[in-house]
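Right, one structure below, let's go through it.
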Amino acid sequence: MVTIAALFVSCSTQEQQGKGQMTEAQIEQRIDEILPQLTLEEKAAMCHAQSKFSTPGVPRLGIPEIWWSDGPHGVRAEINWNDWGYSSWTNDSVTAFPALSALAATFNPELSYLYGVALGEESRYRKKNVILGPGLNIYRTPLNGRNFEYMGEDPYLTSVMAVPYIQGVQSTGTATSVKHFALNNQEVDRMSVNVKVSDRALREIYLPAFKAAIVRGHAWTIMGAYNKYQDEHCCSNKTLLMDILKGEWQFDGVVVSDWGGVHETDRSVVNGLDVEMGTYTNGLTSESKFSFDDYFLGRPYVNAIKCGKFTEKELDDKVRRILRLNLRTNNGWGNGRMTCDEHMKVAHDIAKEAVVLLKNETDVLPLNKDSELKIAVVGENAVRSLIKAGGSSELKPKYEVSPLEGIRNAFPKANVEQSLGYTSGMSVYGAVLPPRENQDSLRLAALKIAKEADIVIFVGGLNKSHEQDCEGGDRKDYLLPFGQNQLIEQLVEVNPKTIVVLTSGNAVAMPWIEKVPAVVQAWYLGSELGNVVGEVLNGTINPSGKLPFSYPVKLEDSAPHSFADAVVYPGVDKQEEYREDILIGYRWHDTKDIKPLFAFGYGLSYSQFEIKNISVNKTVSNLNISATVANMGSRDGAEVVQVYVGKNDSKVLRAVKELKGFKKVSLKSGEEQMVELEVPIESLAFYNEELKSWEIEKGGYTVYVGNSSDNVQPFDVNID
Ligand code: GLC
């Protein structure tokens, strides 16, 4: 019989990857061999943390530990064994990939796969079994501090962009951990808020991306959310974990808690939690010798079994899943790679396709790359780090090109001057900024160089500090912070050629929108941010990104804030009601006829595209849509054909239209190409709450085809 130690083959070189790997069936056979050899204490120990980011193996049997690491945008720097401090290693600087909100804006699933492979390789090189991402929570309120980590307001877009990312990561032998399951759509009271939502909204809006991740992406782990659903914490929630995830979806992986998300033993045991991380103790401050054993799935669980409260049935299921994860990730894989040129290129290619051109009046952009003009660069986000904060997704980047550097590289002959203009009071690249009361002096200095310049490039937006785009808090309002709106108004007054570049992961109000000639949404693009900003501004890159979430004109135009009732957001006494039901984002704007500032799916190009010769044909199981896309402009570029579908005269509440298909097509200047999309008729179903099943209504539907949710042509079709 093969010894246990030999089961965990570790591959010395990339070439061996694929050779000698166990099949799934062989992994199951190994689990059957290992399980009977484990003691009760060894089994229970595998179900909870032994340190901040690791769970134990079984040393005497040669079963290795499992190492977990944040995050969705790159491998987080090493954290101490027993506390949240960084270990200050000198070998854990990584590639900082664009935030997932930026990946979503590419509307290009092929990039998701490349992203996953690169991230998986860096995880392997850092010897991590599990990378804690992607975040799949739906963008419900523009105030949510973690929207930048997620993929927008539409469940179909999130699903289509998430699956290849998961497949890419896991193709390297690294497990993903899709998070936060489920309904973690805000940071306010995230550890305790109880979300009340209709079954339809749960099934049609908040679960589809998780279902796609499990059923199509075959994610090897999933992370329970901190909040409650139906008055039960998500990390020990019967409906979510047992009935839906492990029941309906047949999930065979590991349910891991969010760090500190477990609150009891009994329901954690019977409701499907497999691994408890980061609850309570830091492994030091407790009466017992080694206090990670105090975790709810540690000593208390062992004692509960010993006194007959539980058999080892549930424990054996948990351990099977954990061994499956262990064997899947220790299965003759390569050693991965770190910060190699290929990974930098992946980061650049994603960033390149993510940038959304929101406004470009009189084609003020792109600027002439050979210009010798005087360019004033104003704004703190032109120079500050947008990677080294934000919470668990923060990174220690191998490098980070700032927008100022990128602009200087993009316009080598120009005379580029820089002035902060405002400050968030947070350190910038380590330098300590003048105290906030000096804002006036900063503003006046910026206005001075702006007045003397030919062009002003304002680089602002949000940042990764608390109550901005950051875990652990939500924004307090929808406005650009730190006096930016006033500054932009004054800049454009002294120099009408003021271009606004926003680096952020959320929508913001733009009271100055009519006064500025151009606006570029540049997201958090990671290491390559500055290079891509410069290349978009000088035309090397022709923007092709589309908005993954709506930009309301004002906060109360967005669904949860339109009720002007705290119980709808952020909740009252930790009770919250999603009264907007299925109508979030563009679903709300379309159905309530509230025009957004910029619509879901919107994004301009330096080219002009025409979508023509559209046809919609119904077969037994699909709607087949074809269209010709023509690049009428003088520049090569890319367009995204989007297909939405709405039910006419439905017997239930329905959004006017819902995204059911999209395809990005790259076209040289003057080129045209036919694009074909297939929409399965079963994807038009709504969730019937009475029948507790999906139902396809017969009758008339409208198929909308275009390049933005607010720029589509309607076509009638009948489903009988
Ligand atoms: C955090 C986050 C989660 C992260 C985990 C480990 O609280 O909610 O996304 O992966 O803890 O840092």
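Note that these values count all heavy atoms, side chains included, but never hydrogens, waters or copies made by symmetry. Counting starts at 1 for both ligands and their atoms, following the listed order.
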Determine the sole option in H48, K246, E314 for which the side-chain contact (heavy atoms from CB on, under 4.5 Å) test with D274 is passed.
K246

Would you check if the distance from the ring center of F549 to the ring center of Y551 is below 6.0 Å?
yes

Is the ring centre of Y578 less than 6.0 Å from the ring centre of Y569?
no

Applying a heavy-atom distance cut-off of 4.0 Å, which protein residues contact ligand 1?
F53, D70, R76, W84, L132, R146, K179, H180, R190, M223, Y226, D258, W259, S392, E471

Side chain to side chain, E78 and R126, heavy atoms closer than 4.5 Å
yes

A side-chain contact here means heavy atoms from C-beta on lying under 4.5 Å apart; do L273 and L297 qualify?
yes

Could you tell me whether F251 and W220 have their ring centroids closer than 6.0 angstrom?
no

